[in-house]
Each structure stands twice: as structure tokens, then as C-alpha cells.
Number of protein chains: 2
Amino acid sequence: MEYITIKDIAKKLNVSISTVSRAFNDKYDIKKETRELVLKTANEMGYRPNPIAKKLIQKRSYNIGIVVPEFVNSFFPEVIIGAQEILHQKGYQVLVMQSNDSWEIELKNVETLVDNMVDGLIVSLSSEDHNNKYYNSLIKRGIPIVFFNRVVDEFEASKVLFDDFKWALFATEHLIIQGYKNITHIAGSKNLTLTKNRIKGFKAAHRKYKQELGSIIYAGFTMEDGERVALEMIEKEKVPRAIFAANDATAIGAMKIFKEHGFLIPDDVAFVGFSESRLAKNVSPPISSVEQPTYDIGQSTAKLLLDQIENKGLHIPQTLILNGRLNIRESSINLKKV
Amino acid sequence: MEYITIKDIAKKLNVSISTVSRAFNDKYDIKKETRELVLKTANEMGYRPNPIAKKLIQKRSYNIGIVVPEFVNSFFPEVIIGAQEILHQKGYQVLVMQSNDSWEIELKNVETLVDNMVDGLIVSLSSEDHNNKYYNSLIKRGIPIVFFNRVVDEFEASKVLFDDFKWALFATEHLIIQGYKNITHIAGSKNLTLTKNRIKGFKAAHRKYKQELGSIIYAGFTMEDGERVALEMIEKEKVPRAIFAANDATAIGAMKIFKEHGFLIPDDVAFVGFSESRLAKNVSPPISSVEQPTYDIGQSTAKLLLDQIENKGLHIPQTLILNGRLNIRESSINLKKV
DNA sequence: TTGTATGCGTTATCAT
DNA sequence: ATGATAACGCATACAA
């Protein structure tokens, strides 16, 4: 692979490389004609500026790195698309890396991105076990970074969040109002703030209605996690009247197992999920779910990052909390209610 | 952001930068002790080699770029995860870019990746309208590249494919054997080879059973596309007895509309989808679907790419055609069949 | 075994 | 308005 460089163009036109360079960088200290001539012949020669060299000297890339724990569920892809839209408008390219929910890979991903001098980072954590010192050092080094969805409170960086407490409360409240007692919460990964907040909301709803608190089971975010938990409930004969799940995927997995074992939804076990995946509307019965504004989350994250990049010193970290809504469907409606 | 360089280490240890450089590059022309000393102090100083500078001089990055048209459906994410697994093992980092099914963005993505000197590319095309000359020039320049899923026949590059013809034939055959006449094919984007091949398979099945060919409707790959097409069918009173859809998403979208209009699945309209999305098992009724080996596709693609990178001159482009299977579920089973 | 010097492709700082 | 030259951080051919 041979690359054409400004040197080649300079040679061909009998000018200096600085003249060629100037032609590309829109400075005014160059004659219009020479500029156009350079641009024209560069184009003819198939010249492409080498961003690597540019990065080396300028220490910036017009690339933005996005790191997410996974992208099999539609939540993260939708966020990414939202962010991408804003960033493309401003001339940034978006590089995506996924960590498979592994902190080790996440670290490598972020380091790769930073080493490659992305102008900024958008990150959703794989877990909150080991990250703190590392991310704090990144922030201290002045690397623009915005966290979303899965965050750690202490980070002095901008964050885009969803009000997990509030919406977990609403979701649980909905189940309580439907008349269900004995509600179980299938929670996500133990070490995430969002998991803690959803649990808090779950508890708060019970307090509000002076209802006895049901059990809380830590599972994860996959369909298989839901299936596993449901099987355990059936085996231990501890099947609750209603389930508030951390996730549509876990809800659907659990629901599937219950159906296979002859339970009726919602007549025997009612369900509310979280995240409004594309599955929610289409499973049987359609499942109630808390809808997060994925696209907005992406856009807001990108905007905060751009602000931080463009106003380096002046930027003050902000935390944005976006609103959602509860889509109520068949899986949670109590028809036998008096 | 101040970076620590080999210069700093050299100064601190009173050695030359080449000694420091050598310490990191595992050549034998350095004394063990100095090497260890350098490594140790480098570590203490928090030194991180600058991959940008390395790329500039070595013209390689140990990065692999993956470009896909979208990643909202689970097909592409699963492929990416498969590829990533192989590539990580060999020390490569994976950069993902998505084109939103736009050729313009796809081009920018690939250029960004190439300009950043990825060692190789894995690409699934957004469409086949404009790409040909560009990709051919890339291939001619010797940039390792493997295409999968959505390809153009003429490219002289390795490809990992699914036998769309065969499996479209099987899927259609299944519907015919169930006794359905008047089968419609909801096809994907018109200009894709996979669309053409699935149509061919659809037709071939009809020929094989000497059954009159039903209609073929070009739609797309989203749930909304399916909904739109179904609505049209109902409005024009041209509802077929069975539908073979290009995609689970379109199938599910269409199915939803039919159900809303009082049609029974499969009693009034039967369905077979494609791609075995995570939805297939969980919608109501569960939908029959052609399952593609997503994970394998990713792994095979990565392996072909690595072979190409490691045996530059010697590599011969190959086309791998992977096998799938038809998961038969309630949506297509004809109970009234004699 | 180590140091010196050159170059990768650019931009930036001087001159001219 | 243009040219010469020094960086950017690293690897490497050559010299010592």
C-alpha cells in the first residue's frame, strides 16, 4: 500500500510542502490560484490526507469513542444511533466498542480509544466494581467524557440518566393498584446504581401503600437469567402473584417458563418489565414495560460531550435526568379485580 | 493532556531513546538488566506507548474495523461478537461503525477506518448501488477485507455467506407442504444479492411443486415495513393464505397488523420468517424462522481476515457458505390439513 | 550491547 | 505569499 503524500504533490507542482499543507488548511496566507491548483492536482492524484500524522501533531482526531456493555438488546444500539446523529452533524466519526459486560475488555476498549486520541468518550459501564480510579484519572487528565445509563455517582463528569427510582416506583405502584399482593422484583446486576435505584423504588412503592415487601432476586439482564429465576421459583414453590423485572428480556424469559409450566399470565402471575424492548408489544401476552427515551439519551449525551469538547476549561459537569413512561399492557392488568 | 514518552524515560535513566524503544520491542540486542530496568521505570512513570506514532511508522494498528448497515436487529451484533472473540484472542481490537443503511455514511466509515490504518476490514454492505468501484480499488490497494451477509458477487475478496437460495426454497417448500396455496413473499431491499437469492428460492419451490407463483412485494427489513405491507394487503383485499417474509421483524410487523384486524395466525394467514431473531420464539404465535449461524458467521469472517492479514501475498479469496436450519413453529403449521 | 541519526506525514514556526 | 525546517513519538539502519 503506497500512500500519496503532500510531498508528492509538492514535487509535482514544484512548490514546497508547506504551500500544499496550507492549501488544505484554509488559511488566508496563500494565493487563491495556487490553492485551487493544489487542490485540483491533489484530487487528480488521489491524495488522501493522513489522519494519523495529523493526530500525532494535533493530538485530536475528530473521532468520538462510544463504549457499551453489550448491543444485543436494542437499548444501546438505539442510544448510539441517537448520539451518532448529533455527532455526524458536527463532523465527528463515531467508533463503537462493546465490552461483553466484562470490565477487562471495557478497560482495553477505553484505552484503545484514548490512545487513538479520540476527542471524547461516551461510556456506559460494564460494572462498577473496578472502574472508579481509572475513570477518575481519565477525568483528571482532562479527557472529555460523558457517562450514561450505567454510572458511578462519584464521577465528576456529565451524566445522562434515567430516573430509575421513580419509574420503578411507578411500575410497582401499578402492580399494587391492580390489587396484587406478594410482588417479587427480579433485579439486575447487583453492583449497578440503576439496580439499586430500581430496588429503592420497588421498596418505596410498598411503603407508600403499606404493603408487605415481597422478595428481591438478583438475576442479570438476559432472557436466560429470567428463565433460570422462574424455574427456581417453581421448583421451590415460591411463585409470586406478580413480578416486576429489571428488564424486558428477563421478564419474557421468566414468562416463557411460567407459561410452559401451565401458569396463566396475568391470571396466575402478572408481569411488568423495563426498557420497552421491541419484544414488549409482540410477546404473548403483550408485556407492560417502562419505556426509556433511548434516542434522546443518545442525543443528550452527544450534546453534553460536544459542549465539553468545545468549551474545555469552562465546562461544568451536569447530570441530566430524562423522563420515561409506563406502557401498560395485558401482562399486568388484573381483570378479576373488584 | 501531557503524555509521557520514551524520551522522558531515556532522560531519567540516562540512556538513549533507542535503548528504551528496544526494551519494549523484545529484540535481542539489549541486556536483560537494562531491559528490565527500563520496563520497570516506564511502568512507574505511567508510560503508555503512543499507538499513533507507532502506526505512522509501522503502518499497522492491530485494529480491525467492522462496518455494518445497522445493529438494532440482533443479527449483526451477534456476528460482531463472534468475530470479536477470535480477534481478541489474537490481540486485535475491534472498532465497529454502523451506516444506518446509508451508502454515504458507509463510505465515510470505511474511509475513516482505512485512514486510521486498521489492519483489516469486515464489511456488510448497506446497499449495492454505488459501492463497486470503491471497494474494488480498496481490494486492489491490498487492504485485507472480508465481506459477509450482504455482498456483491464481483468482488475479488473473501466472503462469508448464507445459502439464501436454499433456505428460502426450504422455507417456501415447508409452506407448500403444509398445504397452503397463494403464498406471498415479502422481500427485503431490492438491490441486495440476498434478496435476489431468496426470491429465486421462493420461485424454485413453486416450480418444484408445480404450484402457481404468488406475489412478491419489496418491503425492507423493519417491523414498520411489515406493518405497512400488511395494511396494504388488507386494504386492497389481497390477503394471501401464507407469507414468507425476508425477516422476522417484517413478519412480526405484518402479523401484528393481521391480528389487529381479526385474522387468525396461522388459520387465516400463515407465516415463516427469516434470521431467527430473539423475537421468533416469543411472539404469539411463535413464528417459524430460518436460523442463520450468526456466531459462526462472525468467527469465520474473522478467521478468513486473519489468514489474509498474516499471509498477505499468498492468500486466495474464498467464499464460505454456511448452513442454517428451519425452526418450525406454530405460525406456519396447518392443523386443518387433510 | 548501546548510541546516533533518519524518517513516517503532517502542522507550525520561523524566515524570506 | 511562499519556503525551509523543526517538531509530534516512535522504530530502525548504521555506527561505535
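Numbers restart at 1 for each chain; the letters A, B, ... are given by sequence-line order, proteins then strands.
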Which sits closer to the 5' end of DNA chain C, B/Thr34 or B/Met117, going by the nucleotide each is nearest to?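 On the 5' side of the pair lies B/Thr34.
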Of all residues at least two apart in sequence or in a different chain, which pass the side chain to side chain donor-acceptor pair (under 3.5 Å) check with A/Ser158?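 A/Ser158 satisfies side chain to side chain donor-acceptor pair (under 3.5 Å) with A/His315 once adjacent residues are dropped.
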With A/Glu156, which residues qualify under salt bridge (charged side-chain N to carboxylate O under 4.0 Å, His left out), at least two apart?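 With neighbours one apart ignored, the set is empty.
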What orientation do B/Trp103 and B/Tyr134 show, parallel under 30°, tilted 30 to 60°, or perpendicular over 60°?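 Geometry flag for B/Tyr134 against B/Trp103: perpendicular rings.
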Using the ring centroid of each side chain, check whether A/Phe75 and A/Phe162 are separated by less than 6.0 Å.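 Ring centroids of A/Phe75 and A/Phe162 are no less than 6.0 Å from each other.
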Is the base of D/dA4 touched by the side chain of A/Ser18 through a donor-acceptor pair closer than 3.5 angstrom?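 Looking at the base of D/dA4, it does pair with a donor or acceptor on the side chain of A/Ser18 (distance under 3.5 Å).
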Hey, could you give me the CD1/OG1 distance between A/Ile80 and A/Thr294, rounded to the nearest 0.5 Å?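 The CD1 atom of A/Ile80 sits 11.0 Å away from the OG1 atom of A/Thr294.
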Pairwise distance CZ(B/Phe147) to CG(B/Leu121) - rounded to 0.5 angstrom: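 That separation rounds to 8.5 Å.
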For the residue pair A/Asn116 / B/Lys55, report whether a side-chain donor-acceptor contact shorter than 3.5 Å exists.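 Judged by distance alone, the side chains do pair up.
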With a cut-off of 6.0 Å (strictly less than), are more than 12 heavy atoms of other residues, nucleotides or ligands near CD of A/Glu104?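 Incorrect, the count does not exceed 12.
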Tell me the interatomic distance from A/Lys32, atom NZ, to D/dT2, atom C1', rounded to whole angstroms.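 Taking NZ of A/Lys32 and C1' of D/dT2, I get 19 Å after rounding.
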Between A/Phe24 (CZ) and C/dT11 (P), how many Å, whole number?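 To the nearest whole Å, that distance equals 9 Å.
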Can you tabulate the close N/O pairs, meaning under 3.5 Å, that link protein atoms to atoms of nucleotides 6-10 of chain D?
| residue | atom | partner | partner atom | Å |
| --- | --- | --- | --- | --- |
| D/dG9 | OP1 | A/Lys59 | NZ | 3.1 |
| D/dC10 | OP1 | B/Tyr47 | OH | 2.6 |
| D/dC10 | OP1 | B/Asn50 | N | 3.1 |
| D/dC10 | OP2 | B/Ile6 | N | 2.7 |

Which residues pass the side-chain contact (heavy atoms from CB on, under 4.5 Å) test with B/Gln89, not counting sequence neighbours?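 side-chain contact (heavy atoms from CB on, under 4.5 Å) check on B/Gln89 returns B/Glu85.
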Find the bend of the helix from C/dT1-D/dA16 to C/dT16-D/dA1 as the angle between its two terminal axes (five pairs each), to the nearest 10°.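 One end axis against the other gives 50°.
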Expected rows: protein N/O vs nucleotides 14-16 of chain C N/O, under 3.5 Å:
none

Taking every non-hydrogen atom, the tightest pair across A/Phe148 and A/Thr301: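 Distance-wise, the nearest heavy atoms are CB-OG1, 3.9 Å.
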